[in-house]
There are 2 protein chains.
Amino acid sequence: MPHSRDGSGRSASVKDVAQLAGVSLGTVSNVLNRPERVSADTRTRVEKAMADLGFVRNESARQLRAGRSRTIGYVMLDATNPFFTDVAQGMEHVAEDRDLSLFLCNSDNRATREAAHLAHLQEQRVQGILVTPVDPDSPALADLASRGTPLVIVDRTRPGAAFCTVSVDDVLGGRLAVEHLVDRGHRRVAFVGGPDSLGQVRERLEGARQAWREAGLPDADLVVVPTVALSVAEGRAAGERLAGLPARRRPTAVFCANDLVALGLLQQATSAGVRVPDELAIVGFDDIDFAAAAAVPLTSVRQPRAELGRTAARLLLAEADDPLHAHEQVVFEPELVARRSTLG
Amino acid sequence: MPHSRDGSGRSASVKDVAQLAGVSLGTVSNVLNRPERVSADTRTRVEKAMADLGFVRNESARQLRAGRSRTIGYVMLDATNPFFTDVAQGMEHVAEDRDLSLFLCNSDNRATREAAHLAHLQEQRVQGILVTPVDPDSPALADLASRGTPLVIVDRTRPGAAFCTVSVDDVLGGRLAVEHLVDRGHRRVAFVGGPDSLGQVRERLEGARQAWREAGLPDADLVVVPTVALSVAEGRAAGERLAGLPARRRPTAVFCANDLVALGLLQQATSAGVRVPDELAIVGFDDIDFAAAAAVPLTSVRQPRAELGRTAARLLLAEADDPLHAHEQVVFEPELVARRSTLG
DNA sequence: GTCATCGATTGAAAGGTTTCAATGCGATGG
DNA sequence: CCATCGCATTGAAACCTTTCAATCGATGAC
């Protein structure tokens with residue numbers, strides 16, 4: 001029924017404000033952008049007119065004129081994984097300090113969705129784009145960067161690329177996890193994670209293998225249990241598969257590619273009556289808040305989540321401010337946080 | 001400093017494309033927007049020119065002309081709470097179907113941050129704004145709606161307001177939780193949650209009280225344990241406070257205002273040697289994925305998270321398409337999902 | 001009394017896209 | 001051969017803001 005966007009049709013523009021205040025366009029703009037240049041009297045008159053009309057700056061027009069926007073975007077791999085929301089939180093703080101908005105998009109692990117978001121951000125002429133890509137080697141990313149849009153890859157690395165990357169040493173993380181398990185006396189261990197297309201998964205497994213070999217243990221005793229995704233549900237399913245193994249071949253410990261998988265596995269194990277860690281030790285990866293909060297607190301490989309986000313955002317803005325800026329490949333070191341799920 | 005991003009100065013515009021392809025501006029625009037009106041020959045020529053120049057549409061200019069954008073925004077209360085990311089996921093699907101982008105912002109429970117995000121979205125002339133507000137009665141929201149920006153409140157209701165709201169009956173949710181506990185024989189129960197400024201907390205408590213009274217139980221046996229936030233850490237702290245109570249006054253069951261609090265409490269209880277549910281039953285609220293995945297799977301009041309998001313987004317777009325649209329107040333019914341944390 | 005100066009204000013141009021009425025042209029029908 | 005029609009293309013206007021050189025009026029110096 002009555003919808004009345006207030007009687008007036010369109011929303012008020014600087015022109016309307018100028019007219020009502022009896023000044024020129026330029027003056028209104030000055031009130032907005034260089035208030036010190038305007039006499040106190042005119043300024044209050046203009047401000048009153050703005051308030052009366054409910055004037056809201058049109059950011060599109062502003063951007064068009066300025067050529068750049070007040071926004072940066074982050075395309076995340078999985079918005080429902082707390083790891084990524086924590087990373088985003090770190091970025092948000094940097095953006096807030098610089099008075100920019102952070103536009104969050106979720107690719108949900110799909111390359112097509114990722115591409116759509118990247119295109120849209122580019123069309124918006126954002127100051128720069130942060131992305132945790134489905135595939136860091138995709139030529140689409142290189143194209144993007146070569147077109148001049150500042151770009152930072154988060155949680156992946158790509159040596160020699162034409163953009164900055166901020167990541168965590170996943171190979172080292174994998175080593176830490178398995179070294180810990182070996183130290184605790186485990187001699188039959190499973191790695192649970194997938195899909196293989198995720199670099200994070202490949203490298204964590206690689207690290208696990210290195211540590212395993214260096215401990216002089218036979219390759220066959222490091223079992224790989226692949227999953228189709230890094231989710232709680234997949235962790236639960238993997239738990240059931242493990243439970244199905246003959247006792248001789250069943251591992252005494254599991255290293256999961258991330259905490260979601262570990263939590264699912266933990267739940268399945270406990271509900272199947274397997275005692276953690278006595279009968280089965282579990283190590284996760286990421287150290288999300290839910291890891292410590294699990295009923296059997298989870299040993300996990302901690303990544304500096306917020307720091308990752310902050311650093312990525314800072315590098316992005318550095319590049320946006322200075323296009324001659326040299327690209328950096330920052331790599332953080334992960335750290336093992338031992339808790340009850342491996343400590344008995 | 002010369003700041004040549006690439007040799008070419010600015011990025012290519014329709015004008016450049018037109019020139020290279022030897023056609024007029026209008027034709028390029030037609031290729032972009034009404035390709036069927038352009039002869040096959042010219043079309044391919046124009047498309048080649050675009051590819052050669054790496055042409056990217058300037059969304060600001062487009063928006064400026066069109067008066068509206070291809071974007072909707074969601075200002076969420078707490079991006080690190082999986083409940084809200086699941087709601088956002090539901091919205092994302094609707095947006096994707098309509099070929100819109102969803103701009104996610106996090107107010108992080110702060111009114112100032114919320115205001116900043118709302119202002120920025122308004123300046124961007126988004127098609128509409130979804131928001132789970134810090135305070136649904138804030139006049140700022142009413143102002144926003146009266147200026148003509150389509151607005152939908154998510155997870156809160158506000159009867160008689162000049163905008164749509166989509167919520168879940170929190171009072172009913174509270175009743176379900178407590179009725180369940182009373183059915184299971186509990187006669188001393190605690191409610192854990194806060195701050196009181198959150199309507200969700202107030203109403204869930206209200207429902208709990210109603211159910212308690214209707215069961216004919218004395219008010220004093222429903223203990224309220226306030227928290228300063230709905231987080232895992234606060235749940236853990238509350239657990240410690242409960243553990244400190246003299247045995248006679250200690251509740252046999254706890255109803256937590258959301259699952260994060262419940263998970264924290266569960267962890268504290270288990271690590272303190274309190275057996276769940278035998279010595280302490282726990283009910284959460286939201287039924288996030290981590291609830292079922294907890295090592296003692298959590299009984300929780302399920303909200304239709306994705307459905308909430310989808311409905312909100314649909315209402316928003318309905319209003320954006322038809323400003324005469326009548327505002328609706330949709331209320332979903334929650335549902336109790338009983339799991340081991342109360343079932344022994 | 002004139003001129004330079006200074007601060008406040010103005011007006012016009014620019015930025016990239018879309019839209020729409022107008023144009024041009026070849027073909028069709030009379 | 002003329003009128004008409006349809007189709008592909010064109011050109012100019014509009015969207016709203018910002019910027020910058022130009023203008024105006026007044027003040028102070030000489």
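Naming convention: chains lettered A, B, ... in sequence-line order (proteins, then strands); numbering from 1 in each chain.
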Closer to the 5' end of DNA chain D via nearest nucleotide, is it B:Arg65 or B:Gly26? B:Gly26
Quick one: salt bridge (Lys or Arg N to Asp or Glu O under 4.0 Å) pairs with a partner in residues 105-118 of chain B, sequence neighbours left out? A:Glu92-B:Arg113, A:Glu96-B:Arg110, A:Glu96-B:Arg113, B:Asp108-B:Arg110
For residues 48-59 of chain B, the salt bridge (Lys or Arg N to Asp or Glu O under 4.0 Å) pairs (sequence neighbours left out) are B:Lys48-B:Asp52, B:Glu59-B:Arg62
The complete set of salt bridge (Lys or Arg N to Asp or Glu O under 4.0 Å) pairs with one or both residues in residues 157-166 of chain B, sequence neighbours excluded, reads B:Asp137-B:Arg158
Whole-Å distance, A:Asp16 CG to D:dC15 P, equals 11 Å
I need the CG-C1' distance between B:Leu25 and D:dA8, as an integer number of Å. 16 Å
Residues at least two apart in sequence or cross-chain that pass side chain to side chain donor-acceptor pair (under 3.5 Å) with A:Lys15, listed by chain then number, are none
Against B:Leu144, only a single residue in B:Leu151, B:Leu121, B:Val131 fulfils side chain to side chain contact (heavy atoms under 4.5 Å, CB included); can you say which? B:Leu151
Between A:Asn58 and D:dT17, is there a side-chain N or O to OP1/OP2 distance below 4.0 Å? no
From the candidates D:dC16, D:dT18, D:dT10, the one with an atom nearest any side-chain atom of A:Ser13 is D:dC16
Could you check whether B:Val23 gets within reach of a base, just the sugar-phosphate, or nothing at all, counting any heavy atom under 4.0 Å? sugar-phosphate
Listing request: all ring-ring contact (aromatic ring centres under 6.0 Å, His included) pairs with a residue in residues 136-165 of chain A, at least two apart in sequence or in separate chains. none
Heavy-atom contact window of chain B on DNA chain C, given 5' to 3' at under 4.0 Å: C:dG16 to C:dT19
Closest contact, heavy atoms only, A:Val126 versus A:Ser69: CA-OG, 3.3 Å
Going by heavy atoms closer than 4.0 Å, what residues in residues 34-55 of chain B are next to DNA chain C? B:Arg34, B:Phe55
Going by the rule side chain to side chain donor-acceptor pair (under 3.5 Å), which residues pair with A:Asp143 if we only count those two or more places apart in sequence or in a different chain? none
For B:Asn30, enumerate each residue passing the side chain to side chain donor-acceptor pair (under 3.5 Å) test, keeping only those at least two apart in sequence or located in another chain. B:Arg34
Closest nucleotide of DNA chain D for B:Thr27 versus for B:Leu64: which of these residues is on the 5' side? B:Thr27
Which angle, rounded to 10°, do you find between the first-five-pair axis and the last-five-pair axis of the helix from C:dG1-D:dC30 to C:dG30-D:dC1? 60°
Residues in side chain to side chain donor-acceptor pair (under 3.5 Å) with B:Arg310, at least two apart? B:Glu307
Without decimals, in angstroms, what is the distance between A:Asn33 CG and D:dT17 C1'? 9 Å
Run the ring pair (Phe, Tyr, Trp, His ring centres under 6.0 Å) test against B:Phe103 and tell me which residues pass, sequence neighbours left out. A:Phe103
Between B:Asn30 and B:Ala61, name the one whose nearest nucleotide on DNA chain C is closer to the 5' end. B:Ala61
